[in-house]
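Data block below; observations after.
Labels below follow one simple rule: chain letters A, B, ... track the order of the sequence lines, proteins then strands, and each chain is numbered from 1. Heavy-atom basis, side chains included; hydrogens, waters and symmetry copies ignored.
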Amino acid sequence: MGPVRARFAPSPTGYLHIGGVRTALFNWLLVKRHGGQFILRIDDTDSERNKPEALQPILDGFRWLGIHWDEGPEVGGPVGPYFQSQRLEGYKEAAYRLVREGKAYPCLLSPDELKAEREAAEKSKRPYIHRGPGRTLAPDEAMKRVLENKLPVRLKVPEGKKIVLEDLIRGRVEWDADLLGDPVILRGDGRALYNFATVVDDAAMRITHVVRAAEHLSNTAVQLVAFEALGAALPRFAHVPVVNEPNSKKKLSKRDMAKFVTPDIKAKLMSLGHTAEQIAARDDLNPATVAFYKELGYLPEGLVNYLGRLGWSLDDHSEIIPIDQMTSNFSLERVNDSPASFDPDKLYWVAGEYMKSLPVEKKLEGCIPFLKRAGVWGENESPARLEQLRRVIVAAGDRLKLFSDILQYGLPILASQVTIDEKSFAKRVTKEGVPGHLAAFVEKMAALPDFETGTLEEALKAHATEKGFNPALLIHALRVSTTGIEVGAGVYDILSILGKDEAIQRIRVALAKAGQA
RNA sequence: GGCCCUGUCGUCUAGUGGCCUAGGACACAGCCCUUUCAAGGCUGCGACACGGGUUCGAAUCCCGUCAGGGUCACCA
């Protein structure tokens, strides 16, 4: 395969949709695999709906994911402009040219007449296939009428022909041209319709591969007619299946994704400073958008891997496929025909796999912003404090799957105030005999020559043996009294990271609390 | 409704006529490891939508049915 020119054409909606990214990714992968250009073309012809500031989140999303475009907004390119709102004249010219060549004609019927035709067809249960009376006008006359009366323009669909598409994913798809109505390509006011504008642009931009969502498959028939009329080289088409909601046959939509914000995720977002109202309303806090995953500290590499594997497979067993491997092996042939459900659980797992292999320095870098937002990290922390955080991250190990997980594993150690989970406290500290053991062991801890994990473990086990109780008793009590919770890194790690003074101080506070209880 | 697309474990998938009593992964359950939670190891649960053909043989080919989705706009 020669160089590929593929494009993704989002509308500036203010957010980057997860399903859209998946389609864009397939385009991008195809380009990376075969060489060529990935083009971003902004479909902003709907001026009421599109606001300029609504583009930025989309660009940000792609950049965060590492999906860079060779031509498009902010980078330019040889076949620009890359905003459809700036290409309006071209569509009009193209439509007029087709009228002059007798391949398109003015729509002579009023909206009411059109409506009546359609209703009559429906009533007699015949499919409505529009063939306008303007079809037979001589080109000169047709052009004159278009200009003088500001009439919409319709494309002539050829009669008695089969329209054939060799789709790279679907295979051969055929339509009977006689079952297709003549579509409007230009409104009365001179603005083009999507089906036409996209063809004009794909031709002008010399797109070789149109890789897009399956919902456009039916549109392809009239687009094929438009390409033919324009005399433009036909690109190859590949219609990728849509992404569905988790465990559902419904297309992934922003509106229905709120229910996938679990109480845990919600709590996390709230500790990052978002209110419940914001979580319910903001696009970037919605699981159908890319920004949501950035907000929660997913590694972009993980998201890309997950999305790339959604509907495409390398072989019968590969799940973690680094981007280089994906780009060098991607092929449209291995894209599935059927829709795929988005699975947040699997994405979480993939993200964790990537986090596992991330160097500690990078984890540090990624976690700090979250700690800052949670209010436990300042602008100029001391080297000692940084070292402490590093140790927290190392101790957390594989438990850290997302950067935001540092909130769960780091906060209890790093925060100056211990937040006690009462249930855990009652279960592990305020228990018969436990405060006594704890108090006794604190004295031993105070006398320890150092606070290394090995030293601590040895001391604790010796102490338990000496007093004749199960070390687990003290281990749990120590964990809860120093961090307030029952889960987390190894208790010796926690104590050691805290340091002798802080650890003992925390235990004394807990002891006082237990005494009062 | 017409036309078009799709249909393998709950989910993502492997499978292109015999390697399939259908493989892997996520999730789930149990066990092991273990101070908790993760991680890891082992085991389990669990699918070819249905009905006809073709064939010595079908998840794979054909037809039909059913189900889901898309599209039929002077929306994108």
Task: Side-chain-base donor-acceptor pair under 3.5 Å for E319(A) and G24(B) - done: yes
Open item on the list: Quiz question: going by heavy-atom distance under 3.5 Å, is there a donor-acceptor pair between the base of G7(B) and the side chain of S338(A)?
Closed with: no
Could you tell me how far [M] sits from [N] if I compare only their [atom1] atoms? Round to whole Å.
N: A25(B); M: U21(B); atom1: C1'; answer: 22 Å
N: G24(B); M: C42(B); atom1: P; answer: 12 Å
N: G69(B); M: G52(B); atom1: C1'; answer: 26 Å
N: A67(B); M: C48(B); atom1: C1'; answer: 16 Å
N: U71(B); M: A76(B); atom1: C1'; answer: 13 Å
N: C9(B); M: C5(B); atom1: C1'; answer: 24 Å
N: G68(B); M: G30(B); atom1: P; answer: 36 Å
N: A22(B); M: U13(B); atom1: C1'; answer: 13 Å

Tell me which nucleotide among [options] gets nearest to the side chain of [X].
X: R170(A); options: A76(B), U6(B), C74(B); answer: U6(B)
X: R334(A); options: A14(B), A27(B), A73(B); answer: A14(B)
X: I475(A); options: U35(B), C37(B), C26(B); answer: U35(B)
X: H476(A); options: A76(B), U36(B), C12(B); answer: U36(B)
X: R309(A); options: G70(B), C12(B), U35(B); answer: C12(B)
X: N247(A); options: G10(B), A76(B), C3(B); answer: G10(B)
X: D43(A); options: A76(B), G23(B), U36(B); answer: A76(B)
X: R154(A); options: U35(B), C5(B), C74(B); answer: C74(B)
X: N219(A); options: U13(B), U35(B), C72(B); answer: C72(B)
X: P127(A); options: U13(B), G2(B), U71(B); answer: G2(B)

Open item on the list: As a quick check of understanding, evaluate ring-ring contact (aromatic ring centres under 6.0 Å, His included) for W312(A) and F330(A), giving each step before the final call.
Closed with: CA-CA 8 Å; W312(A) 172 82; F330(A) 182 78; 5.6 Å; yes
Could you tell me whether [X] contacts a base, only the sugar-phosphate backbone, or nothing, with contacts defined as non-hydrogen atoms closer than 4.0 Å?
X: D337(A); result: sugar-phosphate
X: F342(A); result: nothing
X: H216(A); result: base
X: E174(A); result: sugar-phosphate
X: G397(A); result: nothing
X: G490(A); result: base
X: K249(A); result: sugar-phosphate
X: P152(A); result: base
X: R212(A); result: nothing
X: V184(A); result: sugar-phosphate

Check the phosphate of [N] against [X], side-chain N and O only, distance under 4.0 Å to OP1 or OP2. Yes or no?
X: R187(A); N: A76(B); result: yes
X: N336(A); N: A14(B); result: yes
X: S218(A); N: G70(B); result: no

Open item on the list: Tell me whether R191(A) contacts the main-chain N or O of Y91(A) through its side chain, where contact means a donor paired with an acceptor under 3.5 Å.
Closed with: no
TODO: Give a yes or no on whether the backbone of L147(A) and the side-chain of K150(A) come within a donor-acceptor separation of less than 3.5 Å.
DONE: no
Complement of [N], any strand, by Watson-Crick or G-U distances under 3.5 angstrom:
N: G46(B); value: none
N: G1(B); value: C72(B)
N: A39(B); value: none
N: U55(B); value: none
N: C66(B); value: G7(B)

Open item on the list: With rounding to the nearest 0.5 angstrom, report the NE2 to CD distance, H130(A) to E117(A).
Closed with: 6.0 Å
- [ ] Can you check each nucleotide of nucleotides 39-46 of chain B against protein heavy atoms at under 4.0 Å and return B for base, S for sugar-phosphate only, - for none, in 5' to 3' order?
- [x] SS------
For the pair made of [atom1] in [X] and [atom2] in [N], what is the distance, rounded to whole Å?
X: K115(A); N: C72(B); atom1: NZ; atom2: P; result: 19 Å
X: W312(A); N: A14(B); atom1: CH2; atom2: P; result: 11 Å
X: L456(A); N: U35(B); atom1: CG; atom2: C1'; result: 14 Å
X: E122(A); N: C72(B); atom1: CD; atom2: C1'; result: 10 Å
X: Y354(A); N: A25(B); atom1: OH; atom2: P; result: 17 Å

So, are [X] and [Y] salt-bridged, with charged N and O less than 4.0 Å apart?
X: D189(A); Y: R187(A); answer: no
X: E215(A); Y: K251(A); answer: yes
X: R170(A); Y: D337(A); answer: no

- [ ] Run the numbers on H17(A) and Y15(A) for side-chain hydrogen bond (donor to acceptor under 3.5 Å, both in side chains), then give the verdict.
- [x] CA-CA 6 Å; H17(A) 191 271; Y15(A) 60 91; 5.9 Å; no
TODO: Hey, can you tell me if Y348(A) and Y298(A) have their rings parallel, tilted or perpendicular (30° and 60° cut-offs)?
DONE: perpendicular
Task: Nearest-nucleotide comparison on RNA chain B, the residue closer to the 5′ end among R118(A) and S248(A) - done: S248(A)
- [ ] Could you say whether D315(A) or A192(A) is positioned toward the 5' end of RNA chain B, judged by the nucleotide with the nearest heavy atom to each?
- [x] D315(A)
- [ ] Start with the C-alpha gap between H209(A) and F26(A), add the side-chain angles, then the distance that decides, and say whether ring-ring contact (aromatic ring centres under 6.0 Å, His included) holds.
- [x] CA-CA 11 Å; H209(A) 295 253; F26(A) 284 176; over 10 Å; no
TODO: Check whether any side-chain heavy atom of E119(A) sits under 4.5 Å from a side-chain heavy atom of Y128(A), and report yes or no.
DONE: no
Open item on the list: Show the nearest heavy-atom pair for residues N27(A) and A6(A), with the distance to one decimal.
Closed with: OD1-CB, 3.3 Å
